[in-house]
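To keep things clear, I will list the structure first and then write my remarks on it.
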Amino acid sequence: MMMRNGVYVMVVLCMCVSWVTSTTSPSTPQGSNNTWAELKAAMQEAQTVLLEQARLLEHLLSSTLACHRSCAQGWWCPLPYREMLAECFYLSSHDATWQEARSHCLALGGDLATPTNIARLFSYTLDTGALETDRVWVGGTDLMTGSWRWLNGRSIPRADWAGHQPNNWGGNQHCLNLRLDLQPHLNDADCDLEYRFVCQYFRPE
């Protein structure tokens with residue numbers, strides 16, 4: 001709105017300059033004609049500059065609106081999320097239990113990560129936290145249905161699990177983490193352990 005108002009102001013100023021230069025006649029002696037001609041030329045130049053600025057502002061406004069329309073269609077990640085190949089992730093800076101991590105993600109308008117591609121999430125985590133962590137909580141558990149699923153209900157493919165996982169070691173490993181030191185990367189763990197975690201923002205349909 002401010003940008004649109006700025007365009008209107010530019011246009012009004014141009015109109016005023018145009019009116020002055022077209023309706024005002026010199027009332028000064030002949031010896032001042034040069035001064036009047038210089039003033040008129042300066043006003044016409046100002047009119048040209050103002051018109052050009054108005055066109056630039058209008059173009060900027062159109063570009064901004066186009067960006068907002070594309071953002072509304074999902075090509076944008078709100079802070080603190082970061083885009084990674086059309087998905088929005090956020091790696092926490094602190095450790096938490098799995099449930100605490102999920103509560104934190106929900107408070108950020110997302111949920112624990114349920115990526116469509118594990119390699120994509122692995123790359124993001126490697127880029128943003130490899131020197132500080134080797135495992136992070138993500139959005140998978142077997143507590144809800146008795147079988148391992150992502151929080152959005154998708155099953156977790158066997159090929160995404162690290163070797164011999166999930167093994168429910170100790171009888172209390174019901175939450176999913178992603179380990180940077182294993183290949184493949186998914187591993188079951190005790191939900192009360194504290195790790196960093198990855199949230200995911202899901203763009204509106």
Side-chain angles (χ1 to χ4, degrees), residues 64 67-205:
T64 301
C67 173
H68 286 173
R69 283 191 290 269
S70 67
C71 291
Q73 293 169 4
W75 297 104
W76 176 67
C77 296
L79 291 175
Y81 294 93
R82 172 181 158 191
E83 185 167 348
M84 184 69 178
L85 297 177
E87 291 188 300
C88 300
F89 297 124
Y90 163 67
L91 175 63
S92 74
S93 58
H94 67 281
D95 295 340
T97 66
W98 188 88
Q99 188 57 57
E100 289 170 345
R102 189 178 189 197
S103 296
H104 189 89
C105 293
L106 291 170
L108 292 176
D111 205 339
L112 278 171
T114 56
T116 56
N117 186 297
I118 290 296
R120 184 179 301 166
L121 180 59
F122 174 79
S123 295
Y124 167 78
T125 307
L126 190 67
D127 288 345
T128 55
L131 298 179
E132 303 170 20
T133 185
D134 64 353
R135 64 195 72 189
V136 294
W137 287 126
V138 291
T141 181
D142 66 350
L143 290 174
M144 297 180 180
T145 64
S147 61
W148 281 94
R149 292 186 174 275
W150 294 107
L151 290 173
N152 59 14
R154 287 187 293 112
S155 60
I156 300 174
R158 172 67 254 174
D160 289 338
W161 289 97
H164 308 296
Q165 302 298 330
N167 62 3
N168 195 27
W169 188 80
N172 195 35
Q173 294 188 321
H174 300 292
C175 291
L176 189 65
N177 68 20
L178 179 144
R179 291 185 54 168
L180 303 182
D181 59 339
L182 297 178
Q183 177 64 38
H185 310 294
L186 295 184
N187 173 65
D188 60 340
D190 184 337
C191 301
D192 291 329
L193 295 175
E194 295 187 350
Y195 301 125
R196 292 174 69 182
F197 52 92
V198 179
C199 303
Q200 184 171 358
Y201 175 79
F202 303 96
R203 294 165 170 150
E205 297 293 334

[X] side chain near [Y] side chain, heavy-atom distance below 4.5 Å:
| X | Y | answer |
| --- | --- | --- |
| Trp137 | Leu193 | yes |
| Phe197 | His94 | yes |
| Pro115 | Trp150 | yes |
| His185 | Asp160 | no |
| Cys191 | Gln99 | no |
| Cys77 | Glu87 | no |

* To do: Identify the residue among Leu180, Asn177, Thr125 that makes a side chain to side chain contact (heavy atoms under 4.5 Å, CB included) with Arg135.
  => Asn177

Going from [atom1] on [X] to [atom2] on [Y], what distance comes out if it is rounded to the nearest 0.5 angstrom?
| X | Y | atom1 | atom2 | answer |
| --- | --- | --- | --- | --- |
| Leu112 | Gln200 | CG | CD | 10.0 Å |
| Ile156 | Leu186 | CD1 | CG | 6.5 Å |
| Tyr81 | Leu91 | OH | CG | 12.0 Å |
| Tyr201 | Cys105 | OH | SG | 14.0 Å |
| Asp192 | Asn172 | CG | CG | 7.0 Å |
| His164 | Leu182 | NE2 | CG | 11.0 Å |

* Asked: So, for Pro184 and Ala159, which heavy atoms are closest and what is the spacing to 0.1 Å?
  -> CG-O, 3.2 Å

* Considering all heavy atoms, the nearest His174-Thr141 contact -> O-OG1, 2.7 Å

* To do: Walk me through it: do Arg179 and Asp134 pass the test salt bridge (Lys or Arg N to Asp or Glu O under 4.0 Å)?
  => CA-CA 6 Å; Arg179 291 185 54 168; Asp134 64 353; 5.4 Å; no

* Asked: Looking at residues at least two apart in the chain, or sitting in another chain, which of them share a side-chain hydrogen bond (donor to acceptor under 3.5 Å, both in side chains) with Arg196?
  -> Glu132

* To do: Could you pull out all residues at least two apart from Glu194 that satisfy side-chain hydrogen bond (donor to acceptor under 3.5 Å, both in side chains)?
  => none

* Does Ala86 offer a backbone N or O that forms a donor-acceptor pair with the side chain of Arg203 under 3.5 Å? -> yes

* Using the ring of each side chain (for Trp, its six-membered ring), is His104 parallel, tilted or perpendicular to Tyr90, with breaks at 30° and 60°? -> parallel

* For Asp188, all residues meeting side-chain contact (heavy atoms from CB on, under 4.5 Å), sequence neighbours excluded -> Trp148, Trp161, Gln165, Pro166, Asn167, Asn168, Gln173

* Going through the checks in order, is the side-chain contact (heavy atoms from CB on, under 4.5 Å) test met by Asp111 and Phe202? -> CA-CA 8 Å; Asp111 205 339; Phe202 303 96; 4.0 Å; yes

* How far apart are the C-alpha atoms of Met144 and Leu151, what are their side-chain angles, what is the distance that settles it, and do they pass the side-chain contact (heavy atoms from CB on, under 4.5 Å) test? -> CA-CA 9 Å; Met144 297 180 180; Leu151 290 173; 3.6 Å; yes

